[in-house]
Amino acid sequence: MAIGSIVSPASAGRLKPHFVRASALRREAAPLTTGYADLDDLIGEMEGGLFYLFCGEGDLRFVDDLVHRIIVRACRSGRVAYMNSTDYYRGKTLISADRLAQCAKAEGIEPALVLERTYTAAAYSDLRQPRAAAALEERMRRDGSTVLLVAHAMPVFYEAADGMGVAREALNRSISALWRASAEMGVVMVATAAVSGAQRPSTSSLMADLASVIVAFRAGDNGRFPDGACATLLKHPARGTPAAAHIFGGGEFWVGRITPPFR
């Protein structure tokens, strides 16, 4: 709990201090948005306790850039828990300090503050995934000031194993633990995945069921990502689906003309 005792001088001797929970302080913080006006119109403000699943088609970079931008914007209000799952046989999925610095520069935030407020856990196999998720959950509950949880490419081992056996169990155990902790603590949860046929998330049915909001992204109409991404809202607790929006800009193009920080 965050200590916020409010006692007047006259009543200091007879009233007990009033304590304000950290969760209440988070609710009073500025709402978290993606920073893309069209996407924010599509999904609304990102609410604490809800699980947002963002899915990208193929190697579309927009989802990764979106993750970096949301992390930076969340650091205005508190700390960020970040979990990475990387299968070296299918390609690395890593958070980039350089891209975080570019996003921070564009948002007017000191890059060092973003790095200071972000803590991480990593899994490099399906057997390690539940352990990494448990470690991150423990840190979240101990920290008390986390406002955003990002689970980056969690279904990667599930996809490599064609959704069978140990990989599916590991994914379901990991995602359910992080989802439960986020819901209990009022933390915004964001996860990323690939898109399979018919714009369906390439992940387990449990992960798709737990997600409150699901958005699928594909390349712009001319097939070139720098000119934008098409977003389709597939699931939302309070909005009609499906709904679509075209998001202009992305990657290094959205940050404008800046000089990357030397540090």
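Position 1 is the first residue of the sequence; numbering continues from there. Hydrogens, waters and symmetry mates are skipped; everything else that's a heavy atom, side chains included, is used.
In this structure, CD1 in Ile43 is found 10.5 Å from CD in Glu45, a value given to the nearest 0.5 Å. Distance check, rounded to the nearest 0.5 Å: CZ of Phe51 to CH2 of Trp179 gives 10.0 Å. A distance of 8.5 Å separates OG of Ser145 from CE of Met185, quoted to the nearest 0.5 Å. Separating the CG atom in Asp126 from the CG atom in Leu171 is a distance of 10.0 Å, to the nearest 0.5 Å. To the nearest 0.5 Å, the span separating CD on Glu137 from CD on Glu184 amounts to 8.0 Å. Between the CG atom of Leu178 and the CE atom of Met189 there is a distance of 5.0 Å, given to the nearest 0.5 Å.
Scanning all heavy atoms of the two residues, the minimum distance from Cys75 to Thr118 falls at SG-OG1, 3.9 Å. The two residues Met83 and Ala123 come nearest to each other via the heavy atoms CE-CB, 4.2 Å. Closest approach of Pro237 to Val213, counting heavy atoms only: CD-CG2, 3.9 Å. Residues Leu53 and Ala211 approach most closely at CB-CB, 3.9 Å, considering heavy atoms. Residues Ala194 and Cys55 approach most closely at O-CB, 3.9 Å, considering heavy atoms. Shown here for Tyr119 and Arg139, the closest heavy-atom pair between the two residues is CE1-CG, 3.1 Å.
When the shell of 6.0 Å around CZ of Arg173 is examined, it contains 12 or fewer heavy atoms from other residues, nucleotides or ligands. More than 12 heavy atoms of other residues, nucleotides or ligands lie within 6.0 Å of CZ in Arg76, so this atom counts as buried by the packing criterion. Heavy atoms from other residues, nucleotides or ligands lying under 6.0 Å from CZ of Arg131 number 12 at most.
Under the rule for a ring-ring contact (aromatic ring centres under 6.0 Å, His included), the partners of Tyr82 that lie at least two apart in sequence or sit in another chain are His152. Applying the side-chain hydrogen bond (donor to acceptor under 3.5 Å, both in side chains) criterion to Thr33, with sequence neighbours excluded, gives Arg73.
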Practice problem: Would you check, one step at a time, whether the test side-chain contact (heavy atoms from CB on, under 4.5 Å) holds for Thr86 with Val156? | Solution: CA-CA 7 Å; Thr86 291; Val156 64; over 6 Å; no

Quiz item: Please walk me through it: do Ile95 and Val67 pass side-chain contact (heavy atoms from CB on, under 4.5 Å)?
Solution: CA-CA 9 Å; Ile95 196 169; Val67 164; 5.6 Å; no

Quiz item: Passes side-chain contact (heavy atoms from CB on, under 4.5 Å), Tyr52 versus Ile70? Steps please.
Solution: CA-CA 12 Å; Tyr52 296 80; Ile70 292 174; over 6 Å; no

Quiz item: Yes or no on side-chain contact (heavy atoms from CB on, under 4.5 Å) for Ser77 and Leu32, after CA distance, side-chain angles and deciding distance?
Solution: CA-CA 9 Å; Ser77 304; Leu32 178 61; over 6 Å; no

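Judged by distance alone, the side chain of Asp40 and the main-chain N or O of Gly35 form a donor-acceptor pair under 3.5 Å. Thr192 places a side-chain N or O within 3.5 Å of a backbone atom of Ala153 that can act as its donor or acceptor partner. The closest donor-acceptor contact from the side chain of Arg69 to the backbone of Cys103 lies at 3.5 Å or more, if one exists at all. A donor-acceptor pair under 3.5 Å links the side-chain atoms of Gln129 to the main chain of Met154, judged by distance alone. Here the side chain of Lys235 pairs no donor or acceptor atom with the backbone of Thr241 at under 3.5 angstrom.
Across Thr34, Val190, Ile71, a single residue satisfies side-chain contact (heavy atoms from CB on, under 4.5 Å) together with Leu66, and that is Thr34.
Hydrophobic clustering (ILVMFWY, side-chain heavy atoms < 4.5 Å, transitive): Val150 and Leu113 are in one cluster.
Looking at heavy atoms from C-beta onward, Ser182 lies in side-chain contact with Met140 at the 4.5 angstrom threshold. Using a 4.5 Å heavy-atom cutoff, the side chains of Tyr158 and Ile175 are not in contact. By the 4.5 Å heavy-atom criterion applied to side chains, Pro201 and Met207 are not counted as neighbours.
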